[in-house]
Amino acid sequence: FRTRAKMSLRIACRKLLDNVVRKNQLSQVRCIQYYDPDNKKPVESVNPEETTDYEVSKEEWKYVDRLLPLKTLPEPPKYSSYPTPSGWIPQKDENIGLPYSVRRSRFHMLPVYLEEKSGGTRKITIVKKVEGDIWAFEADIRKHLEELTSRKVTTQVHEITRFLRIKGIYLKEVSDFLISKGF
């Protein structure tokens, strides 16, 4: 019975919709299927104005707005000396004339991450948000790391998503390099 009632209601709605479309009165169509929770049967005719009472108010939006996350974070406070007790150092304001730059994250942190592969046996350092000449950045960072470790460093450049992979754990060394360049 339910299937037959649903089908007949849908057919009736479809016919009504076809007639209204032919007459270009599409804004007047209200063809919604409602169910009576007690009888669990579809109700044939329901006036939508009678089913729900609501009021549109923009005054209460201030309570919702304060719960939403910020799109950008405020600037960090100025300190008398750096690094701060947590070890954070701000990005320098002046452009140092390099063909590349590394943007900070939205939390004002360096975009240097450690990725573990193969069940934790392969460690890869990742530098994201590289802008400009990513190949010059790769050459500089590889040269810096090879001087520090006195061994060959394997890197991989991903031009499309603008990041660099470095085989091994070099979080501290890469972060120090970026801070020394002013990023």
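Quick note: numbers below take in every heavy atom, side chains included, and nothing from hydrogens, waters or symmetry partners.
- I134 contributes atom CD1, which lies 7.5 Å from atom OG1 of T161 (distance to the nearest 0.5 angstrom).
- With sequence neighbours excluded, the residues that form a side chain to side chain donor-acceptor pair (under 3.5 Å) with E159 are W135.
- Applying the side chain to side chain contact (heavy atoms under 4.5 Å, CB included) test to L68 and every residue at least two apart in sequence or in another chain returns W61, D65.
- Within 6.0 Å of the CD1 atom in I160, the count of heavy atoms belonging to other residues, nucleotides or ligands does not exceed 12.
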Quick one: do V127 and I141 satisfy side chain to side chain contact (heavy atoms under 4.5 Å, CB included)? Show the steps, please.
CA-CA 10 Å; V127 182; I141 194 89; 5.7 Å; no
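- A search for side chain to side chain donor-acceptor pair (under 3.5 Å) contacts involving T84 returns S86, not counting sequence neighbours.
- Separation of atoms CG (L114) and CD1 (I124) is listed at 9.0 Å; rounding is to 0.5 Å.
- Partners of D140 under the side chain to side chain donor-acceptor pair (under 3.5 Å) rule, at least two apart in sequence or in another chain, are Y100.
- Counting heavy atoms from C-beta outward, P90 and Y82 have side chains that approach closer than 4.5 Å.
- The number of heavy-atom neighbours closer than 6.0 Å to NZ of K129, taken from other residues, nucleotides and ligands shown, is above 12.
- For E146, the side chain to side chain contact (heavy atoms under 4.5 Å, CB included) partners are R142, K152, V153, not counting sequence neighbours.
- By the 4.5 Å heavy-atom criterion applied to side chains, I166 and T154 are not counted as neighbours.
- When atom types are taken as modelled, the side chain of T121 and the backbone of S118 share a donor-acceptor pair closer than 3.5 angstrom.
- Scanning for salt bridge (charged side-chain N to carboxylate O under 4.0 Å, His left out) contacts around R103 gives E131, with sequence neighbours left out.
- Residues passing the side chain to side chain contact (heavy atoms under 4.5 Å, CB included) test with Q156 are R165, sequence neighbours excluded.
- With rounding to the nearest 0.5 Å, the separation of CD in E115 from CD1 in I126 is 3.5 Å.
- S180 contributes atom OG, which lies 10.0 Å from atom CD1 of I89 (distance to the nearest 0.5 angstrom).
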Distance-only criterion, 3.5 Å: show the donor-acceptor pairs between side-chain atoms of residues 167-179 and protein atoms not counting sequence neighbours.
{"from": "K172", "atom 1": "NZ", "to": "D176", "atom 2": "OD1", "distance (Å)": "3.3"}
{"from": "S175", "atom 1": "OG", "to": "L171", "atom 2": "O", "distance (Å)": "2.8"}

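- To the nearest 0.5 angstrom, F183 atom CZ is 10.5 Å from R104 atom CZ.
- Using modelled atom types, one side-chain atom of R162 and one backbone atom of V130 make a donor-acceptor pair closer than 3.5 Å.
- Every salt bridge (charged side-chain N to carboxylate O under 4.0 Å, His left out) that E116 has, sequence neighbours left out, goes to K123.
- Legend: residues meeting ring-ring contact (aromatic ring centres under 6.0 Å, His included) with H158, ordered by chain and number and at least two apart, are F163.
- Counting non-hydrogen atoms of other residues, nucleotides and ligands closer than 6.0 Å to CZ of R106 gives a total above 12.
- Among residues at least two apart or in separate chains, there is no ring-ring contact (aromatic ring centres under 6.0 Å, His included) pair with a member in residues 104-127.
- Applying the side chain to side chain donor-acceptor pair (under 3.5 Å) test to S105 and every residue at least two apart in sequence or in another chain returns nothing.
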